[in-house]
Q: 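Please read through the structure below; I'll follow up with questions.
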Amino acid sequence: MSEVRLRFAPSPTGYLHVGGARTALFNWLLARKENGKFILRIEDTDVARSTQESVDAILEGMRWLGLDWDEGPFYQSERFPLYKEFAARLLAEGKAYRCYCSAEELEAKREQALKEGGKPKYDGTCRGLTGEIPGKPYVVRFKAPHEGVTSFDDLVKGTISFANSELDDLIIQRSDGTPTYNFTVVIDDATMGVTTVIRGDDHVNNTPRQILLYQALGSPVPKFAHVPMILGADKTRLSKRHGATSVMAYRDMGFLPEAMVNYLVRLGWSHGDEEIFSLRELIDKFTIEAVGRSAGVFNPDKLLWLNAHYIKTGDPQRLAALLLPFLQERGVDVGQGPELADVVRTLQERARTMLEMADGALFYYRRAFDYDPQAAEKFLKPEVVPLFEAVRERLGRLDPFSGEGVEAAFKEICAEQGIKMGQLGPPVRVALCGGTTSPSIFEVIAVLGREDALQRIARALAFIKAHS
RNA sequence: GGUCCCAUCGUCUAGCGGUUAGGACACCGGCCUUUCACGUCGGUAACAGGGGUUCAAGUCCCCUUGGGAUCACCA
């Protein structure tokens with residue numbers, strides 16, 4: 001009956017970055033594991049900085065990762081009347097008050113306090129005010145207790161306590177009537193029935209104020225779990241300097257969503273010695289208690305390794321579909337050439353990203369490619385002409401035309417000619433692919449098909465004649 | 001500066017009083033091999049420092065040091 005309710009509440013001021021994605025993932029995982037609800041809420045109270053493009057980018061990122069939500073997306077900008085209502089209620093109950101201090105005055109006092117080595121807290125000038133001053137702009141401040149201690153049991157960091165004397169009367173409503181963050185989060189989490197708040201640990205300092213607000217509102221305080229942030233290689237906050245931080249940028253670089261999810265979850269969370277987790281396994285095995293307390297460095301190499309793993313073990317048909325846009329970007333018409341899934345199969349073990357796979361797949365669809373100069377000089381020499389002729393002859397009558405058949409044919413040629421595969425393979429590879437690296441030439445020939453393979457050999461033969 | 005948080009290989013981490021301190025990425029070697037990869041076998045590499053508590057401390061406590069977060073009419 002008492003289902004858990006979690007939420008991801010990004011502010012739409014940019015794309016979905018890896019840190020946010022991980023926070024979303026942890027929330028989603030717990031919701032799914034506990035059969036609870038996962039709510040998506042857009043925190044766009046800062047109208048000036050929020051954009052629809054950002055909202056779209058965030059939703060796109062969530063969908064790409066497979067993080068579906070049960071409720072929302074809710075927009076805070078559509079709930080302003082609600083916040084105003086609650087602010088008025090607090091005001092009426094004497095739990096908040098109107099503050100007429102101007103932003104300039106406050107700024108001056110803050111600087112003064114800082115200069116004297118004190119804490120830059122609000123001094124409470126208007127705290128005792130009772131009546132209203134007609135016509136004068138005011139903000140609404142929450143009347144926070146000055147005594148006592150506010151503490152909470154953080155699900156990842158343990159008990160955290162703050163002396164209330166450290167807190168001041170935070171503004172919950174601006175002079176223009178709009179609500180502030182610390183207020184809207186509490187109102188929303190309270191009214192949406194959020195039971196557990198998983199968020200970045202840059203929010204721990206906000207938590208005591210929020211708890212006080214819950215108490216003033218008479219709402220149950222949710223559980224909190226503050227997850228550590230993600231750092232760059234130099235241990236500073238992850239930023240563009242360290243490479244891509246946008247989740248979608250990783251898709252564009254050829255990463256698979258399951259690799260991203262797997263990487264992100266392991267950054268800060270672990271389950272014994274296990275490294276590979278499917279979404280299904282994560283739902284079963286994830287626990288917030290197993291999330292580490294310290295910040296972690298984003299390691300692109302490991303992400304790459306995971307991506308390679310998922311490419312290696314992925315379904316060729318699905319990979320082919322994912323590969324298509326990368327190929328089209330390179331001007332390849334996959335309609336003219338071998339079946340893409342067959343091509344994928346030959347590349348799965350040697351591509352770490354779909355981008356690499358696209359590059360590796362190019363030669364299959366390009367018939368008039370240039371030979372790599374060095375490779376041509378080394379391997380496309382007159383001596384290989386009889387070898388190529390033998391290959392032509394064998395391939396011409398090979399039946400059935402399969403990878404195994406091709407391999408057997410090549411072995412026979414080697415035996416007949418008294419040479420080793422090392423003398424036959426490389427030149428054929430250059431003839432087929434234009435360079436010295438490719439999948440097994442047996443597979444390549446099988447995928448290319450008899451006609452295409454033979455034509456490539458013939459083309460190489462012509463090239464040799466023209467250059468000797 | 002105040003408050004709060006953090007601290008095991010280069011990196012992600014296991015460890016929850018007694019371990020030869022384990023795994024993974026990366027790196028370095030061997031093997032496999034038609035190229036490149038994959039795979040496989042092996043190797044280098046860590047408990048920040050100091051005090052306690054205890055028969056016993058990477059594990060518990062305190063301090064130091066070093067990181068970080070936060071102190072808005074941003075979220």
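Keep in mind the model is a prediction, meaning the values are calculated, not measured. Just so we're on the same page: letters track the sequence lines, and every chain starts at 1.
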Q: Heavy atoms under 4.0 Å, any strand shown: does A/Asn206 hit a base, just sugar-phosphate, or nothing?
A: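 Base contact.
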
Q: Is any side-chain heavy atom of A/Val428 closer than 4.5 Å to a side-chain heavy atom of A/Phe410?
A: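 A side-chain contact under 4.5 Å exists here.
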
Q: For A/Leu424, which contact category applies under a 4.0 Å heavy-atom criterion: base, sugar-phosphate, or nothing?
A: nothing

Q: Hydrogens and angles aside, do A/Thr45 and A/Tyr83 bring a side-chain donor and acceptor to less than 3.5 Å of each other?
A: no

Q: Have a look at A/Ser270 and say if it touches a base, only the backbone sugar-phosphate, or nothing, with a 4.0 Å heavy-atom cut-off.
A: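 Sugar-phosphate only.
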
Q: May I ask you to say what A/Tyr263 touches in the nucleic acid, namely base, sugar-phosphate or nothing, with a heavy-atom cut-off under 4.0 Å?
A: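 Here A/Tyr263 touches no strand at all.
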
Q: Quick one: label A/Val139 by what it contacts on the DNA or RNA (base, sugar-phosphate, nothing), any heavy atom closer than 4.0 Å.
A: base

Q: When we call it a touch if two heavy atoms are under 4.0 Å apart, what does A/Thr13 touch: a base, just sugar-phosphate, or nothing?
A: nothing

Q: Answer with yes or no whether the side chains of A/Asn307 and A/Thr353 bring together a donor and an acceptor at under 3.5 Å.
A: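 The criterion, which ignores hydrogens and geometry beyond distance, is not satisfied for A/Asn307 and A/Thr353.
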
Q: For a quick check of understanding: with a heavy-atom distance under 4.0 Å over all strands, which category does A/Ser11 fall into, base, sugar-phosphate or nothing?
A: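 Sugar-phosphate contact only.
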
Q: Would you please confirm or rule out a distance under 4.0 Å between OP1 or OP2 of B/C36 and any side-chain N or O of A/Ser438?
A: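 So the side-chain polar atoms of A/Ser438 never come under 4.0 Å of the phosphate oxygens OP1 or OP2 of B/C36.
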
Q: Applying a 4.0 Å non-hydrogen cut-off, can you work out what A/Cys101 is touching in the nucleic acid: base, sugar-phosphate, or nothing?
A: base

Q: For nucleotides 20-27 of chain B, just jot down a letter per nucleotide in 5' to 3' order: B, S or -, based on protein non-hydrogen atoms under 4.0 Å.
A: --BBBSS-

Q: Contact class for A/His203 vs. all strands (heavy atom < 4.0 Å): base, sugar-phosphate, or nothing?
A: base

Q: Apply side chain to side chain donor-acceptor pair (under 3.5 Å) to A/Arg22 and list each qualifying residue two or more places apart in sequence or on a separate chain.
A: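 In terms of side chain to side chain donor-acceptor pair (under 3.5 Å), with neighbours along the sequence ignored, A/Arg22 is linked to no residue.
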
Q: Does B/C27 pair with anything, Watson-Crick or G-U wobble, both distances under 3.5 Å, and if so, with which nucleotide?
A: B/G43

Q: With a sphere of 6.0 Å drawn around CG of A/Asp370, does it hold more than 12 non-hydrogen atoms of other residues, nucleotides or ligands?
A: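 Atom CG in A/Asp370 is not packed in, count stays at 12 or less.
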
Q: Who is the Watson-Crick or G-U wobble partner of B/G18, with both distances under 3.5 Å?
A: B/C55

Q: Please collect all salt bridge (charged side-chain N to carboxylate O under 4.0 Å, His left out) contacts where either partner lies in residues 371-380 of chain A, sequence neighbours excluded, each pair once.
A: none

Q: Checking contacts here: which listed nucleotide (B/A37, B/A75, B/C73) is nearest the side-chain heavy atoms of A/Arg350?
A: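 In terms of side-chain proximity for A/Arg350, the closest of B/A37, B/A75, B/C73 is B/A37.
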
